[in-house]
Amino acid sequence: VIAFERGELFFVFNFHPCNSYSDYQIGTSWNEPLRCVLDSDEGRFGGQCRLEHGHANPFPPLHGVNGRPHSVKLYLPSRTVQVLAKDQYLQGGVKVFAAPEFLAEYGVKSVTDLDVHVQAWQDGKQVMLPPMKFGSDGFLHLEKSFEATFKLEGPGGVELKCWASKDGLFRAYFPGEYTISGIGYLKVGGIPLASA
């Protein structure tokens, strides 16, 4: 097992070919809850999705261990890596705004004319959830999501593709505000409705 902190992230590797560890306590310098933002056991990487609990639930800080002032207990499946971040950075989920030039490119008058289909993992498979709508403030709110993969449909079911991805899906890999701009790409930062 190798664990280290880099910037605001905590990386934990279990390189053992067959030994997994439950409640493995690892020292950290942070006295606040940590949450898994990325792990190699996710279904999108061909994994078995054994670490989903850590994506949805923060790991509470514990007493110090191994010369570190604080610690966390983790499940470490063999041949996996986990990347954890402070829970405070993940509050608010993903918010997406569609810029006026993007809507104009497709002849869409308002974000209320768009259907959003979010892709999710269910029972180890990727599925598209039923359509959602942008909020009255002009944003798509995914408060409980730390990442989002989605497609957009305009009036008549016409797909508005992300031209930055081969499959046409938009992807936000971390919480925060994003804007769909130009002919269809996702950029960091949201544009308030008042300035659009």
Side-chain angles (χ1 to χ4, degrees), residues 7-10 28 30-45 47 49-61 72 74-75 82-100 102-103 108 110-154 159-162 164-165 167-182 184-196:
E8 299 296 321
L9 298 174
F10 185 47
T28 70
W30 300 309
N31 186 22
E32 57 186 289
L34 299 177
R35 191 180 301 246
C36 187
V37 293
L38 181 72
D39 75 77
S40 62
D41 198 46
E42 292 178 40
R44 65 181 167 161
F45 302 125
C49 303
R50 294 169 289 184
L51 301 170
E52 292 300 308
H53 177 81
H55 289 267
N57 303 284
F59 296 101
V72 292
L74 303 171
Y75 171 52
Q82 297 177 55
V83 181
L84 294 94
K86 296 177 185 177
D87 190 50
Q88 67 175 334
Y89 296 141
L90 305 176
Q91 300 306 311
V94 174
K95 285 174 62 175
V96 179
F97 177 80
F102 171 73
L103 297 176
V108 177
S110 168
V111 292
T112 58
D113 297 331
L114 298 177
D115 284 332
V116 182
H117 297 268
V118 176
Q119 188 179 66
W121 285 96
Q122 291 181 346
D123 300 322
K125 297 178 185 175
Q126 291 180 335
V127 297
M128 285 292 180
L129 300 178
M132 302 173 62
K133 293 286 192 183
F134 279 77
S136 59
D137 62 354
F139 281 94
L140 170 66
H141 295 269
L142 302 168
E143 286 100 1
K144 297 185 180 194
S145 298
F146 305 123
E147 60 182 327
T149 300
F150 60 95
K151 73 176 184 176
L152 296 176
E153 287 182 357
E159 187 173 349
L160 286 61
K161 293 185 176 192
C162 175
S165 70
D167 59 8
L169 298 177
F170 294 89
R171 289 179 174 82
Y173 291 102
F174 294 97
E177 293 185 358
Y178 297 87
T179 299
I180 303 170
S181 294
Y185 63 91
L186 204 58
K187 71 177 188 177
V188 175
I191 302 172
L193 195 58
S195 67

K95 versus L142: any side-chain heavy-atom pair under 4.5 Å?
-> no
What distance do L186 atom CG and F150 atom CZ have between them, rounded to the nearest 0.5 Å?
-> 5.5 Å
Taking all non-hydrogen atoms of both residues into account, name the closest pair between P60 and V72 and its distance.
-> O-CG1, 3.9 Å
Nearest-0.5 Å distance that lies between atom CG in L140 and atom OH in Y178 | 12.5 Å
Closest non-hydrogen atom pair, P61 against P33 | CD-N, 3.8 Å
Of all heavy-atom pairs between G54 and R35, which one has the smallest distance, and what is that distance?
-> O-CG, 3.2 Å
Kindly say whether K151 contributes a backbone atom to a donor-acceptor pair with the side chain of Q119 at under 3.5 angstrom?
-> no
Taking the side chain as every heavy atom from C-beta outward, state whether V37 and Y89 have any atom pair closer than 4.5 Å.
-> no
Hits for salt bridge (charged side-chain N to carboxylate O under 4.0 Å, His left out) against E52, two or more places apart or cross-chain, chain-then-number order -> none
What residues form a side-chain hydrogen bond (donor to acceptor under 3.5 Å, both in side chains) with Y185, not counting sequence neighbours?
-> none
Decide yes or no for L152 and F102: does some side-chain heavy atom of the first lie under 4.5 Å from some side-chain heavy atom of the second?
-> yes
Applying side-chain hydrogen bond (donor to acceptor under 3.5 Å, both in side chains) to E143 and not counting sequence neighbours gives none
So, for R171 and D167, which heavy atoms are closest and what is the spacing to 0.1 Å?
-> NH2-OD2, 2.7 Å
For a side chain to side chain contact (heavy atoms under 4.5 Å, CB included) with K133, tell me which candidate from D113, D115, V116 qualifies.
-> D115
If you round to the nearest 0.5 Å, how far is OG of S136 from NE2 of H141?
-> 7.5 Å
Heavy-atom closest contact (V94 atom, A148 atom, distance) = CG1-CB, 4.2 Å
Between atom SG of C36 and atom CZ of F10, what is the distance when rounded to the nearest 0.5 Å?
-> 11.5 Å
Shortest non-hydrogen separation from L160 to E153 and the atoms involved | CD1-C, 4.0 Å
Are more than 12 heavy atoms from other residues, nucleotides or ligands located less than 6.0 Å from atom NZ of K161?
-> no
Validation row: H55, D39 side chains within 4.5 angstrom (heavy atoms) = yes
For residues L74 and L84, determine if any side-chain heavy atom of one lies less than 4.5 Å from a side-chain heavy atom of the other.
-> yes
Could you state the interatomic distance from CG (L114) to CD1 (I180), rounded to the nearest 0.5 Å?
-> 7.5 Å
For the atom pair OH (Y75) and CG (D41), what is the distance rounded to the nearest 0.5 Å?
-> 8.0 Å
Note, H117 side chain near L129 side chain (heavy atom, < 4.5 Å) | no
Can you check whether G189's main-chain N or O pairs, donor with acceptor, with T179's side chain at less than 3.5 Å?
-> yes
Minimum side-chain heavy-atom gap F170-V96 below 4.5 Å | no
